[in-house]
Amino acid sequence: MKGAGGSSGGIGHFFIGLIMMCGGFYMLLNAISVTSNFGLSSRIYSVNALGGFGVTGGMVMIPFIFGVGLMFYNSKNILGWVLSLGSLTALIFGVISSVRFSMRTMTSFDLIVIIILAFGGLGLFLRSLKSIDT
């Protein structure tokens with residue numbers, strides 16, 4: 001009889017490892033706090049060569065507005081497409097770059113339990129996919 005992953009590995013190790021891994025990674029991701037300071041008036045890009053000139057989210061929207069207007073006026077206008085897509089790309093990268101990750105305060109016991117569950121479960125899960133030579 002074939003076990004987990006089509007190999008002769010253990011089905012019990014597969015499910016125990018899967019449950020441990022899911023629980024550990026859930027607890028790890030639940031302990032991470034995600035914040036952002038993005039706003040249309042906050043700096044998303046800074047140019048220090050001109051004395052600290054900052055590009056805000058609102059400044060990125062101005063070429064976007066012109067690009068949309070050009071696209072609706074003439075959909076074959078390359079400048080309108082370049083302005084619109086370039087502005088959207090700059091806005092998306094600005095939002096992503098303003099995201100900050102931090103771990104919540106926890107005891108060392110909590111962190112050790114999370115690591116053992118996540119990576120011990122991953123080890124059991126991967127071991128179950130390996131064939132057992134008898």
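The figures here come from the full heavy-atom set of this structure, side chains too, leaving out hydrogens, waters and symmetry mates.
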Trainee: Taking Ile96 as the starting point, is it possible to reach Leu29 by hopping between hydrophobic residues whose side chains are less than 4.5 Å apart?
Mentor: no
Trainee: Quick one, Phe109 and Ile112 - any side-chain contact, counting heavy atoms below 4.5 Å?
Mentor: no
Trainee: Taking a hydrophobic cluster as the set of Ile, Leu, Val, Met, Phe, Trp and Tyr residues connected by side-chain heavy atoms closer than 4.5 Å, whether directly or through intermediates, do Met21 and Phe15 fall within one such cluster?
Mentor: yes
Trainee: Applying a strict under-4.5 Å side-chain criterion to I, L, V, M, F, W and Y, I'd like to know whether Met20 and Ile11 cluster together.
Mentor: yes
Trainee: Looking at CG of Leu70 and CD1 of Ile78, how far apart are the two atoms once the value is rounded to the nearest 0.5 Å?
Mentor: 11.5 Å
Trainee: Go through the steps for Tyr73 and Phe66 under the test ring pair (Phe, Tyr, Trp, His ring centres under 6.0 Å), then give the verdict.
Mentor: CA-CA 10 Å; Tyr73 180 73; Phe66 284 117; over 10 Å; no
Trainee: Parallel, tilted or perpendicular: which one describes the rings of Phe125 and Phe14, with boundaries at 30° and 60°?
Mentor: tilted
Trainee: Mind checking whether Leu111 and Val113 sit in one hydrophobic cluster, side chains of I, L, V, M, F, W, Y counted as touching below 4.5 Å?
Mentor: yes
Trainee: State, to 0.1 Å, how close Ala31 and Met106 come at their nearest heavy-atom pair, and which atoms those are.
Mentor: CB-CE, 3.3 Å
Trainee: For side chain to side chain contact (heavy atoms under 4.5 Å, CB included), just list the numbers for Met27 and Leu117, CA-CA rounded to whole Å, side-chain angles, deciding distance to a tenth of an Å, and then say yes or no.
Mentor: CA-CA 9 Å; Met27 290 170 64; Leu117 282 175; 3.9 Å; yes
Trainee: Using side-chain heavy atoms (C-beta onward) and a distance below 4.5 Å, is Ile32 in contact with Met103?
Mentor: yes
Trainee: Taking all non-hydrogen atoms of both residues into account, name the closest pair between Phe64 and Ser87 and its distance.
Mentor: N-OG, 3.3 Å
Trainee: Please examine the side chains of Met61 and Leu91, heavy atoms only from C-beta on, and report whether any two atoms are closer than 4.5 Å.
Mentor: yes
Trainee: Rounded to the nearest 0.5 Å, what separation is found between the CG atom of Leu28 and the CZ atom of Phe119?
Mentor: 7.0 Å
Trainee: Do Phe25 and Ile115 sit in the same hydrophobic cluster, where Ile, Leu, Val, Met, Phe, Trp and Tyr count as joined when their side-chain heavy atoms come under 4.5 Å apart?
Mentor: yes
Trainee: Show the nearest heavy-atom pair for residues Ser84 and Gly67, with the distance to one decimal.
Mentor: OG-C, 3.1 Å
Trainee: For Arg127 and Leu124, run side chain to side chain contact (heavy atoms under 4.5 Å, CB included): C-alpha distance rounded to whole Å, both residues' side-chain angles, the deciding distance at 0.1 Å, then the answer.
Mentor: CA-CA 5 Å; Arg127 186 173 81 177; Leu124 269 177; 3.6 Å; yes
Trainee: Would you confirm whether Trp81, through its side chain, and Ser75, through its main-chain N or O, come within 3.5 Å as a donor-acceptor pair?
Mentor: yes
Trainee: Any heavy-atom pair between the side chains of Leu83 and Met71 that's under 4.5 Å?
Mentor: no
Trainee: Counting only heavy atoms not in Arg104, do more than 12 fall under 6.0 Å of its CZ?
Mentor: yes
